[in-house]
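For reference, positions follow the sequence shown, starting with 1. For clarity, every value in this text was computed on a predicted model and none was experimentally measured. Heavy atoms only: backbone and side chains are in, while hydrogens, waters and symmetry mates are out.
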Amino acid sequence: MSSYETLNTPQQEAVLHTEGPLLILAGAGSGKTRVLTHRIAWMIESGINPYNILAITFTNKAADEMRQRVDRIVGMGSEAVWVSTFHSACVRILRRHIDYIGYDNHFAIYDTDDQKTVIKEVCRRLYIDTKLFKEKALMSDISHFKDQLLTPDDVETSAFDHNERKIAAVYREYQSQLRKNNALDFDDLIMKTVELFEKHPQVLDYYQERFRYIMVDEYQDTNFAQFRLVSLLSGKYRNLCVVGDDDQSIYSFRGADVRNILEFENVFPDARVIRLEQNYRSTKNILEAANNVIANNTERKEKRLWTENEEGEKIHFRQFATGFEEAEYVVGEIDHLHRAAGRDYRDFAILYRTNAQSRIFEEKLLMAGIPYKLVGGINFYSRKEIKDLLAYLRTIDNARDDVSVRRILNVPRRGIGDTTQARIQEYAGEMDMSFFDALRVAEEIPAVKRSLSKIDSFVTFIMALRTKAEILTVRELLQDVIDSTGYALELEKENTEESKARLENIDELITKVQVYQDQMKEQGQKATLSGFLEEVALVADIDTVDAESDYILLMTLHSAKGLEFPHVFITGMEDGIFPGGNPLFRSDEDNSLQEERRLMYVGLTRGMKNVTLTCARQRMLRGEVKFHNVSMFVREIPRELVDLGYTVQEKKPDRDKLLQGDNTYSKMKAAFLSKPFMQQEQPRPAVPVKNASALEYSVGDTVRHVKFGVGIVTEIREGGRDYEVTVNFDRFGVKKMFAGFAKLKKI
């Protein structure tokens, strides 16, 4: 039997359809990676040149898995296929062609910390109060602009008030600083590639010819910039295959637009649509629960997962008095299954809605001596010692990177004070040069005479390292930096637990460099400093998870997407936490509620054997005790699929005492069961309905919303409680809302 015959019928159809646009709606656990890899193999076997195939996904982990599978199936020739993340593909293109749009090809890639440093400097220059305009909020605004391919000119033109003009000014100066530093942030990698293609058709034509067959995984997670990039690349031959699941679109806060997949057939009217609905991961009960939850969403493509797997255990539900009892139960249950049933720790995942919920689970796991890994904590590459050493390497590679140069100027301490640095920075600005170039001509800056010898020593040191970089390997260069700066020696002298941990991190960085060099050698490529820095810059939190290590994973539901575990605990299942917001003001058509429900669907479908949902009647939030009802998502699961279980540490009470009803367990159980499990929500307060004549706007009018800004009314419908107004906002896209709450003002 060939490997193609092991595929089910829809999978085979998806593999064999190679010409023209194709939408594969792949439900959770339906084998989409298997389909993609077999599709690549089939194309090569059919005579398509592997050089002409591009496969794009979102994480390095997914790209590596796809690459390995393609290599196993295809063998010789598979190395010519580009299997890459969006950002990695764009970096490869920009390294070769970014000089067409005015950048040097040795550009730096800024992470979040670097961006924040630049934003702080920009705000200082523009006299902007960071108490009113938070750095994180400004970074989020700029990221949103780039997701929408909006330039500073675009943002400035559409600015409505003083605050929006301030944000536009920050954006303009931020981009100016990045260009001066010959640096790009993550969003720039996509935006600048689109700019390159749009301004230089000959470059676009080269890549359209190169990539005649394009596949995009997790298409529901793409934003407008990524949609535009894919549209440009596939515009000539139209052999575009996108794979995704609108029911798993959970990243709108990052700019993802579910309309890209929902409206794919509008963009490509001749597209073929294939649904993969057979699940190979979960039990029947888990899938039935997930199907019933997601069916409550209105904005989705119809599909229903099914499986030939066993019926399996019911969904376990446990409610506790407090968050502490909840954490004790979860950790105790894992410890019990590990000891009594021989389960590996890596079989378990503890999921929650927000990172803040992890603390209490970490404490309980530490007390129990159970190994765990927190996904979304401090990234390895964000630790001070790693950032310092990488800043040296980045300065060697690109001395125009002001952020890196300023970071290491006094690491180790060289006695170059803040005042001196400020004067050098001021001079660099006046002369329109980089900070490092200003250091090189420091003798021309009158106010820094006292520090001149120290500055000259630093410049000479960096220039010597740049010369060595031409002959040393990346590992040898890193070791030279560590030795010549005395960085490790200083930590050894401290001789504290913290300094020892930091030395271990440095050793791990050296290991990482060696692994990179070995990988490049295996691929027959040269290991370069730029290549290593590029790989480090594109690492995501989830890429650091080792499937072979035996530890429990703690992560948000967002981070868990794409993973699977035999045992899953979804915690904090309370209205106000998951979903968030006030239950009284929810609408079934609300976009944010629909996305929260998709997040619940993702959480449920991570489970292979069993899923446990937990909640607490009260928990401490932001220093205050809060009381919550059971999450509406729990109540959307049919009662017959749920095992209510016990509410006190799985210690089954004495049957006679339970029947007497005189113990705590009985009272808690009775209080919970007094409300039907599938209980309907209490009627919400009626919202006064406005008459059409009372609305001051109509379809086609321009209106303003206090949060979403300016938009155009595209539809007004009479609902049961109020008029439902659909508005296409300039910055936030299409939103549906009730007129009574929206309080839209006609402009």
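Within the 3.5 Å criterion, the main-chain N or O of R34 finds a donor-acceptor partner in the side chain of H38. With hydrogens and angles disregarded, a donor-acceptor distance shorter than 3.5 Å links the side chain of N52 to the backbone of E209. The main-chain N or O of A14 is found under 3.5 Å from a side-chain atom of R39 such that the two form a donor-acceptor pair. Remark: side-chain polar atoms of N260 are paired, donor with acceptor, to backbone N or O of T222 under 3.5 angstrom. Side-chain atoms of N8 come within 3.5 Å of backbone atoms of Q11 as a donor-acceptor pair (strictly under, hydrogens ignored). Listed for the Q248 side chain is no donor-acceptor partner under 3.5 Å among the backbone atoms of V602.
Side-chain contact between M215 and L54 is absent, with no heavy atoms from C-beta onward closer than 4.5 Å. Taking 4.5 Å as the limit, some side-chain heavy atom of C241 sits within range of a side-chain heavy atom of I24. Here the side chains of H316 and L613 are not in contact, with every heavy-atom distance at 4.5 Å or above. Under the 4.5 Å side-chain criterion, counting only non-hydrogen atoms from C-beta, K314 is not in contact with V642.
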Name each donor-acceptor pair under 3.5 Å that joins a side chain in residues 344-351 to protein atoms two or more places apart or in another chain, with its distance.
unit_1 : atom_1 : unit_2 : atom_2 : d
Y345   : OH     : H338   : NE2    : 3.4
R346   : NH1    : E548   : O      : 3.2
D347   : OD2    : D344   : N      : 3.4

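In this structure, a donor-acceptor pair under 3.5 Å is absent between the side chains of Y219 and Q226. Side-chain contact annotation: R67 with S84, donor-acceptor N/O pair under 3.5 Å absent. Looking at R597 and N297, their side chains do bring a donor and an acceptor atom within 3.5 Å of each other. For E595 and S592, the side-chain atoms include no donor-acceptor pair closer than 3.5 Å. Checking S143 against D187 by side-chain atom types alone, a donor-acceptor pair falls below 3.5 Å.
Taking CZ of F578 as the reference point, atom CD of Q357 lies at 10.0 Å (rounded to 0.5 Å).
Residue D247 is tested with R300, K301, R598 for a side chain to side chain donor-acceptor pair (under 3.5 Å); the sole match is R300.
Between Y207 and F197, the two ring planes are tilted [angle within 30° to 60°].
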